[in-house]
Amino acid sequence: MTLQTARRRSTRSVMNDVVTHAKHLLNQSGQPKRRAVPRVSPLLHQADHEMIGPEGSQIASWHLLGHRYEAPPVLLVHGWEDDTSLWSPLIELLSQRGRSVVAFDLPGHGHSDGDRCSLELAADAILALQARFGPFAGAATHSFGGPALAKAFQQGLELDQVVLISPPVAQARQFERAWRRYGVEEPMIEAALALGHQEGRFFDLAAAAPSMKADALFIHSLDDEQCPASEGKRAAEAWPGARFWSVDGLGHRALVQNDEVVSMVAGWLDA
């Protein structure tokens with residue numbers, strides 16, 4: 001074997017290792033951390049609890065019936081590594097208004113089965129809930145729940161109104177920021193991003209937005225470092241007829257339980 005051949009093989013070996021590690025990095029991104037003791041929003045203890053789907057991949061759902069039960073329910077979709085407790089103030093206000101609510105834990109979250117979650121799995125769960133409890137009048141989403149709902153729209157979800165709170169827009173950028181935060185080396189990040197784009201793994205909410213038909217309200221806090229408001233505004237401008245509302249000082253998660261935001265969301269969903 002010549003020295004040049006040995007070097008080529010060595011280079012290929014290094015590249016194969018990089019690709020292998022890049023695939024592992026992409027696959028690991030679908031494994032959320034589950035809380036040791038899953039939480040449930042207090043009012044949902046009064047709701048009908050049901051596990052939806054086949055054994056081993058069931059989705060934990062709660063259907064809280066309001067006194068205006070003739071109206072279709074509102075769907076609530078939480079974000080990454082979260083659960084229904086996020087929606088406690090909104091569930092309470094919607095309940096006071098008599099609206100029925102359906103909340104659930106994403107795959108691999110809370111009381112739901114599985115140890116993985118992806119946009120595809122989340123969208124499948126939303127569509128399964130539509131088949132069981134729909135049609136829905138509207139939906140509220142937080143963070144990862146936003147693109148998950150958009151993915152479900154592409155696959156047949158039907159509802160009239162949606163509120164997207166702090167949705168990540170360019171999934172590739174979210175992964176990139178997270179990997180840097182976790183100290184992943186730059187060459188590995190570049191390889192994983194290239195592989196992800198090549199395999200079509202990254203969803204872009206702004207690119208999908210022009211095909212969306214629901215009346216949408218985007219809500220972002222200007223100090224949100226996880227999902228920048230500028231990205232949300234870009235997606236809102238691409239979504240036909242969408243409104244963009246900004247607040248400040250509430251970060252990524254706190255705004256979901258802020259009184260003013262909760263009142264705005266309830267009003268939009270109960271217009």
Side-chain angles (χ1 to χ4, degrees), residues 26-35 38-41 50-54 56-63 73-87 101-136 138-159 162-175 178 196 199-209 211-212 214 216 218 226-227 232 235 239 252-253 256:
L26 285 169
N27 291 335
Q28 285 294 104
S29 62
Q31 296 178 326
K33 295 178 183 177
R34 191 193 297 264
R35 292 180 178 273
R39 304 169 302 179
V40 177
S41 180
E50 189 173 341
M51 300 297 290
I52 306 294
S57 58
Q58 292 185 317
I59 301 301
S61 69
W62 291 263
H63 183 200
V74 169
L75 177 67
L76 305 180
V77 188
H78 68 75
W80 193 255
E81 294 180 355
D82 217 324
D83 50 42
T84 63
S85 66
L86 173 78
W87 297 113
V101 171
V102 171
F104 73 105
D105 287 332
L106 287 167
H109 291 71
H111 294 272
S112 291
D113 291 340
D115 58 3
R116 297 190 61 77
C117 189
S118 64
L119 284 180
E120 291 75 17
L121 289 174
D124 288 345
I126 291 170
L127 293 172
L129 291 165
Q130 176 177 250
R132 176 65 183 89
F133 300 111
F136 295 117
T141 73
H142 176 244
S143 195
F144 174 80
L149 194 82
K151 190 77 172 177
F153 271 129
Q154 292 180 331
Q155 298 175 4
L157 177 67
E158 296 181 359
L159 48 78
V162 60
V163 180
L164 301 102
I165 305 172
S166 304
V169 175
Q171 192 178 30
R173 293 182 188 177
Q174 287 298 114
F175 285 166
E199 297 183 351
R201 293 204 187 196
F202 299 134
F203 184 81
D204 190 294
L205 182 58
S211 66
M212 301 297 154
F218 284 72
Q226 288 182 246
C227 299
W239 188 304
H252 182 65
R253 193 177 184 277
V256 186

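Atom set for the values below is all heavy atoms of this structure, side chains included, hydrogens, waters and symmetry mates excluded.
Checked by atom type and distance alone, the side chain of Glu158 never pairs as donor or acceptor with a backbone atom of Pro135 at under 3.5 Å. Of the possible polar contacts, one joining the Ser61 side chain to the Glu50 backbone as a donor-acceptor pair under 3.5 Å is found.
Put simply, the side chain of Cys117 reaches to within 4.5 Å of the side chain of Trp80, judged on heavy atoms. Looking only at side-chain heavy atoms (C-beta outward), Arg253 and Asp82 come within less than 4.5 Å of each other.
Pro167 and Leu205 make their closest contact through CB-CD2, 3.9 Å (heavy atoms, listed as atom of the first residue, atom of the second, distance). Shown here for Leu119 and Ala148, the closest heavy-atom pair between the two residues is CD2-N, 3.5 Å. Closest non-hydrogen pair, Leu106 versus Gly79, comes out as CD1-O, 3.9 Å. Across Ala128 and Ile52, no two heavy atoms sit closer than the pair CB-CG2, 4.1 Å. Scanning both residues, Ser112 and Ile59, for their nearest heavy atoms gives OG-CA, 3.5 Å. When all heavy atoms of Val162 and Ala214 are compared, the closest pair comes out as CG1-CB, 4.0 Å.
Residue pairs meeting the side-chain hydrogen bond (donor to acceptor under 3.5 Å, both in side chains) criterion with at least one partner in residues 141-154, sequence neighbours excluded, are Ser143-His252.
Among residues two or more places apart in sequence or in another chain, the side-chain hydrogen bond (donor to acceptor under 3.5 Å, both in side chains) test is passed with Asp105 by none. Taking Ser85 as the reference, Arg39, Asp83 meet the side-chain hydrogen bond (donor to acceptor under 3.5 Å, both in side chains) condition, with sequence neighbours excluded.
Of the inter-residue distances, the one linking Gln130 atom CD with Leu159 atom CG reads 7.5 Å to the nearest 0.5 angstrom. The distance from the NE2 atom of His78 to the CH2 atom of Trp87 is 10.0 Å, given to the nearest 0.5 Å.
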- Message: Set out, in order, the CA-CA distance, both residues' side-chain angles and the distance that settles side-chain contact (heavy atoms from CB on, under 4.5 Å) for Leu149 and Leu157, then state yes or no.
- Response: CA-CA 8 Å; Leu149 194 82; Leu157 177 67; 3.5 Å; yes
- Query: Can you check side-chain contact (heavy atoms from CB on, under 4.5 Å) on Leu75 and Phe104, steps first, answer last?
  - Reply: CA-CA 9 Å; Leu75 177 67; Phe104 73 105; 4.0 Å; yes
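Using bins of under 30°, 30° to 60° and over 60° for the plane-to-plane angle, the ring pair Phe133/His63 lands in the tilted bin.
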